[in-house]
Asker: 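Would you mind keeping the following structure in view while I ask a few things?
Any value given below was found using the heavy atoms of this structure, including those in side chains, with hydrogens, waters and symmetry copies removed. So that the names make sense, note that chain A is the first sequence line, chain B the second, and so on, each numbered from 1. Quick caveat, the model's predicted, so the values are computed rather than measured.
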Number of protein chains: 2
Amino acid sequence: MTASKRARIQDVAKMAGVSSMTVSRVLSNHAKVSDAKRTLVMDAVKALNYRPNVSARRLASNKSFFIGLLYFDSDTSYVSKFLLRGLKSCRLTGHHLVADEIDEDSEKSLASVQELIEVTKVDGIILLPPVCNDTKLLEMLKEKNISFVRIAPDSQFNLSPYICMDDYQASFELTELLIKQGHTKIGHIIGNPNQGVSRLRYQGYLDALRSNKISVPPEYIEQGLFTVDSGLMAAKKILSLPNRPTAIFAANDEMAAGALSAAHMNRLSVPNDLSIVGFDDGHIATAVSPNLTTVRQPIKQMADLAVEIIASGKFSDLSTSNTREYRNVLDFEIIERDSTKKPQET
Amino acid sequence: MTASKRARIQDVAKMAGVSSMTVSRVLSNHAKVSDAKRTLVMDAVKALNYRPNVSARRLASNKSFFIGLLYFDSDTSYVSKFLLRGLKSCRLTGHHLVADEIDEDSEKSLASVQELIEVTKVDGIILLPPVCNDTKLLEMLKEKNISFVRIAPDSQFNLSPYICMDDYQASFELTELLIKQGHTKIGHIIGNPNQGVSRLRYQGYLDALRSNKISVPPEYIEQGLFTVDSGLMAAKKILSLPNRPTAIFAANDEMAAGALSAAHMNRLSVPNDLSIVGFDDGHIATAVSPNLTTVRQPIKQMADLAVEIIASGKFSDLSTSNTREYRNVLDFEIIERDSTKKPQET
DNA sequence: CTGAAAGCGCTTACAG
DNA sequence: CTGAAAGCGCTTACAG
């Protein structure tokens, strides 16, 4: 634990017996350096535990090492989890995250994003849903030639690199989990129609039923809005049916929480009388009781990857045919907790 | 919208007819500058919309313009709200927030904080509860002479500037709100004993009862742990009493959510059969149904103030008697929603 | 109270 | 493939 000064690029250069320029080149991974020198430099970097001074780097280069993060509602655990991880990821790569909430008013938000770009000169921007589907915003970014990566976009998939998980598949598997437990009467609360994932999750549910030769009355399916209240309302309707389902799959955890309340109001015990599953594995999934069986979104990996893509600067030549490598579909995980159980004999 | 380059300190100096040093001094507010020149400089700054380049500043000075934020559990809305606001506040003041989660393992966390200090050379650190009560950590910071401000600390109030709200008073008023609605049989679920606010809130509840000449059987009061589950358990006990209360005051929203579940299990309608109030006004307060009557903590102001205190660097001379000005007790707000109502006639 | 000089630690051209 | 020079936009001494 020698409290010696932090090593500078010159120290590394001296130790490796090269110029500081060579060190710089090795670290930025840009120009070609002979393998011999590269090894020497890397060894010195390790020996001195060298980490470049971000401020000096930023001052000297025209890169800003700032990464923007645009989100809509900060109050969801999706956003705060993404943010927390993004912050960490940025620190590790020597960048800074500049997070900004986007207004519902499209015009105001356009202006604030423009200011963000001008003031901080971000290297790129990460767009969370539903911001990533704002056509006007996307156009503006394209026009200004700002790099951006979108998280779980709904459309225009060729516009930019994007990161998502397979909502359809997750939904399919979650539904099959209920089926395997013995449920055949399974209801569904559809998510907000303004987000594409709602369709995907709905479709996965339908296809899982069909592939298991299960048919379900149309009244088992209700439209929700991703809010607790909408889940409550939808579940109320479903549970008032004469031949009510033994399980309800809500397209996110908030609505599942609402469904839970509806069950309680109807004097139904979860999971004994009714199984409920959610989607996201946010804070709320373990805040309600019983804890929700749900799908864990790979938010950490999403954040890491988003930062990495922007940090690498690779996608500046997106124009060509290599768009494909910017489609990143990550793995999810099904989390089984206490809100599900095989249906009681009737 | 002239897309001209950003103004530099030289531009300001030229326009004001002074040296860049004078501009620097005016902006850093440090040395004495004649009023005449100060005005000239300020005018030029405004005219050119000058904003100092943080990287250059950081590189040249020995200040880092980094502010650390240490928290324990990122999954609470308290932390994510504070973080979001802190991020914004830092951006506005030209600082960067470096947020880090602290491990439960005190040794590991000490090491990681030390690394944070060495690598980023933070100007100061903001400590959220319960991290702000970690004696070993506080000692270490003192020893290394790192400035820090604590949010809602439990003890050692003279150790550093701190920011909090009047938990006692809020609790008192919240209890009185129930009393004014006609409740006299009011239960309480105490918060986690490892946090000082639990005591304050408990005390406020007790004193409100006493000042209204209401006495309550000891069984109306249960110990909780700030978790949903603990609230559920505590409420179950309270509600199983032969002469159960008509209202329950849980010391935070999570436990209030648990109490809500307990009410549902007991076939009790909230607020018709039972009123429930929480504390914090976090995400969960409006995620459960009915939405919780609760106390809103002034988190935004807390974050702003914390950043301001560290940014100002004022408290380096804390040693002397002016400790008093670093005690910041902010205002709260009582939010009345749908979980409370006057008790039914019996 | 004010300014000229030097330097913070990097990277961008510019040479070779 | 490699390096010497200049400069990014500020601030810290050092003078006066």
Asker: In this structure, which one of A:Leu138, A:Asp134, A:Val113 forms a side-chain contact (heavy atoms from CB on, under 4.5 Å) with A:Leu127?
Answerer: A:Leu138
Asker: So which nucleotide from D:dT2, C:dG3, C:dT11 ends up closest to the side chain of B:Thr22?
Answerer: C:dG3
Asker: Output the rounded distance in Å from CG (A:Asp11) to C1' (C:dG9).
Answerer: 10 Å
Asker: Tell me the interatomic distance from B:Gln10, atom CD, to D:dG7, atom P, rounded to whole angstroms.
Answerer: 13 Å
Asker: Name the residue closer to the 5' end of DNA chain C, choosing between B:Ser34 and A:Phe65 according to the nucleotide with the nearest heavy atom.
Answerer: B:Ser34
Asker: Do B:Ile151 and B:Cys132 have side chains that get closer than 4.5 Å, going by heavy atoms?
Answerer: no
Asker: Can you tell me how far CD of A:Gln301 sits from CG of A:Asn328, rounded to the nearest 0.5 angstrom?
Answerer: 12.0 Å
Asker: Less than 4.0 angstrom between a side-chain N/O of A:Ser19 and OP1 or OP2 of D:dT2, yes or no?
Answerer: no
Asker: May I ask you to list the residues of residues 41-59 of chain B, by number, that have any heavy atom positioned under 4.0 Å from an atom of DNA chain D?
Answerer: B:Tyr50, B:Pro52, B:Asn53, B:Ala56, B:Arg57
Asker: For C:dC10, does OP1 or OP2 lie under 4.0 Å from any side-chain N or O of A:Ser24?
Answerer: no
Asker: Can you tell me the distance, in whole Å, between the CZ atom of A:Arg8 and the C1' atom of C:dT11?
Answerer: 16 Å
Asker: Considering only distance and modelled atom types, tabulate donor-acceptor pairs under 3.5 Å from the side chains of residues 39-54 of chain B, sequence neighbours left out.
Answerer:
from    : atom 1 : to      : atom 2 : distance (Å)
B:Thr39 : OG1    : B:Asp35 : O      : 2.7
B:Asn53 : OD1    : B:Ser55 : N      : 2.8
B:Asn53 : OD1    : B:Ala56 : N      : 3.0

Asker: Which nucleotide, C:dT12, D:dT11, D:dG7, lies nearest any side-chain atom of B:Met21?
Answerer: D:dT11
Asker: What is the ring orientation for B:His96 with A:His96, classed by angle as parallel under 30°, tilted 30 to 60°, or perpendicular over 60°?
Answerer: parallel
Asker: Provide, to the nearest angstrom, the distance between the NZ atom belonging to A:Lys14 and the C1' atom belonging to C:dG9.
Answerer: 14 Å
Asker: Could you tell me the separation between the CG atom of A:Leu70 and the CG atom of A:Leu128, rounded to the nearest 0.5 Å?
Answerer: 9.0 Å
Asker: Atom CD1 in A:Ile126, atom OG in A:Ser147: separation rounded to 0.5 Å?
Answerer: 12.0 Å
Asker: If I take atom CD1 in residue B:Ile9 and atom P in nucleotide D:dT12, what distance separates them, rounded to the nearest angstrom?
Answerer: 11 Å
Asker: Among the nucleotides C:dT11, C:dT2, D:dT12, which one has an atom lying closest to any side-chain atom of B:Ser61?
Answerer: D:dT12
Asker: Could you give me the stems involving DNA chain C, meaning stretches of three or more consecutive Watson-Crick or G-U wobble pairs whose two defining distances are both below 3.5 Å?
Answerer: C:1-3 with D:14-16, C:5-12 with D:5-12, C:14-16 with D:1-3
Asker: Measure the distance from CZ on B:Arg25 to P on D:dG9 and round it to the nearest whole Å.
Answerer: 21 Å
Asker: Taking the side chain as every heavy atom from C-beta outward, state whether A:Met302 and A:Leu330 have any pair of such atoms under 4.5 Å apart.
Answerer: yes
